[in-house]
Number of protein chains: 2
Amino acid sequence: MAVPLAPWKQLLVNSLESNANLKHSTYFQLATIGLNGRPSNRTVVFRGFEEDSNKILINTDGRSCKVEEIKRSPFGEICWYFTDSWEQYRISGSLDVIDGSNRDRLKLLQREKAWFTSSPRSRQQYLGPTPGLPCILEGPNQELSLDPSTGPVAAFCLLILDPDQVDYLNLKSNERLAFNIENNDNGGRCWDSKKINP
Amino acid sequence: MAVPLAPWKQLLVNSLESNANLKHSTYFQLATIGLNGRPSNRTVVFRGFEEDSNKILINTDGRSCKVEEIKRSPFGEICWYFTDSWEQYRISGSLDVIDGSNRDRLKLLQREKAWFTSSPRSRQQYLGPTPGLPCILEGPNQELSLDPSTGPVAAFCLLILDPDQVDYLNLKSNERLAFNIENNDNGGRCWDSKKINP
């Protein structure tokens, strides 16, 4: 069932606007559960929201550890700190991995759209050697050419985080808000919010 | 057994120096395992290294969720992104919680030192209401006074992360290094490093 647009989404859009002058304002840290059961944490780039939804899009290399981790334990928490406005969003939810083998046509189209929205330089990365493996090439990487009209390569993967809990903290005003998805009486779901101690 | 000073430590000290002009360069994201088994992630402040070691110090409120989480699952991964130099450190290790009930006198002294090294404003936080609980006070917080010579209050907690794995990524040079603690033949431990694909 559809989830209404979340009250934290407008806050987040405002933070993005007020920090837009900083390149790193679209970077956040995504925590997952590692294959050894320990926490795993890395910087990724915000690629926008899924159309008409609260879901957050992230591009990644299907050969990176996080994809294996998410297939095993499909939950993540984003920690997004805006260095100019001193605001933090902790966004917890479930993660969906969309690679070329996905059987859902709409999801494949979403992955294709994410690919063509990326810059040529971003796309180029997915042609490189497997991330995290020992580096065997010495010297500068070979430049592999990629036609701009070519669709997503095998390694290209779209991650979609579907938030069910958001913790917002403003370090300037010292205000903190907790947003949670709740089931309502008529079987639908809605976002509840409350002020909590910072 | 003592672990020799880590080869990644000098790199990290250099990054701190080259980003020192930015207030947020001492902020990083610490991921832990939540009580529900999902990842948990928040921004915390680097409070230096433990003397003559590679261990990383973090101050926290003993009433915050992360302390309970760490007592249940004592592992964490720091993700530390330097926005000026485009460097990322992922630092994984075990976490030790030091509160006022600790039986180790040296650890209690460490906690006391961390308290007195904090600014009066930082110390003040630990007198506030329990973090994360619903906010019941309206209007400005009551200012509780704290004598500068007063030792750590009950809520003040020191976290110590003992790293055993570090992943360094430089987005300008596109270089990535993996550092791991290895057991050597004579029963000691040493840091190994290798170049890996970004």
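Sequence lines set the chain letters: A, B, ... in the order given, protein chains first and strands last, and positions in each chain run from 1. These numbers come from a predicted model, not from an experiment.
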Which atoms of S73(B) are under 4.5 Å from chain A, going by heavy atoms: the side chain, the backbone, both sets, or neither? neither
Judged by atom type as modelled, is there a donor-acceptor pair below 3.5 Å linking the side chain of R63(A) to the main-chain atoms of P131(A)? no
Looking only at R38(B), H24(B), K194(B), K23(B), most heavy-atom pairs under 4.5 Å shared with chain A are made by R38(B)
For chain A, find which of Y81(B), F75(B), F28(B), Y89(B) contributes the most heavy-atom pairs closer than 4.5 angstrom. F75(B)
Just by distance, do the side chain of R90(A) and the backbone of E77(A) share a donor-acceptor pair under 3.5 Å? no
At a heavy-atom separation under 4.5 Å, does W80(A) approach chain B through its side chain, its backbone, both, or neither? neither
From the list S40(B), S92(B), G76(B), the residue making the most non-hydrogen contacts under 4.5 Å with chain A is S40(B)
May I ask you to decide if the ring planes of F156(A) and Y126(A) are parallel, tilted or perpendicular, using 30° and 60° as cut-offs? perpendicular
Side chain, backbone, both or neither: which part of I91(B) has a non-hydrogen atom closer than 4.5 Å to chain A? neither
Contact origin within Q88(A) toward chain B - heavy atom pairs under 4.5 Å: side chain
Look at L169(A), D164(A), D61(A) and state which one has the largest set of heavy-atom pairs under 4.5 Å with chain B. D164(A)
Do NZ/NE/NH1/NH2 and the carboxylate oxygens of K107(A) and D96(A) come within less than 4.0 Å? yes
Does W86(A), at its CH2 atom, have more than 12 non-hydrogen atoms belonging to other residues, nucleotides or ligands within less than 6.0 Å? no
side-chain hydrogen bond (donor to acceptor under 3.5 Å, both in side chains), that's the test. Do S122(B) and N59(B) meet it? Break it down for me. CA-CA 10 Å; S122(B) 292; N59(B) 296 342; over 6 Å; no
Per-residue contact mode, Y27(A) against chain B (heavy atom under 4.5 angstrom): side chain
Any salt bridge between D167(A) and R176(A), counting N to O under 4.0 Å? yes
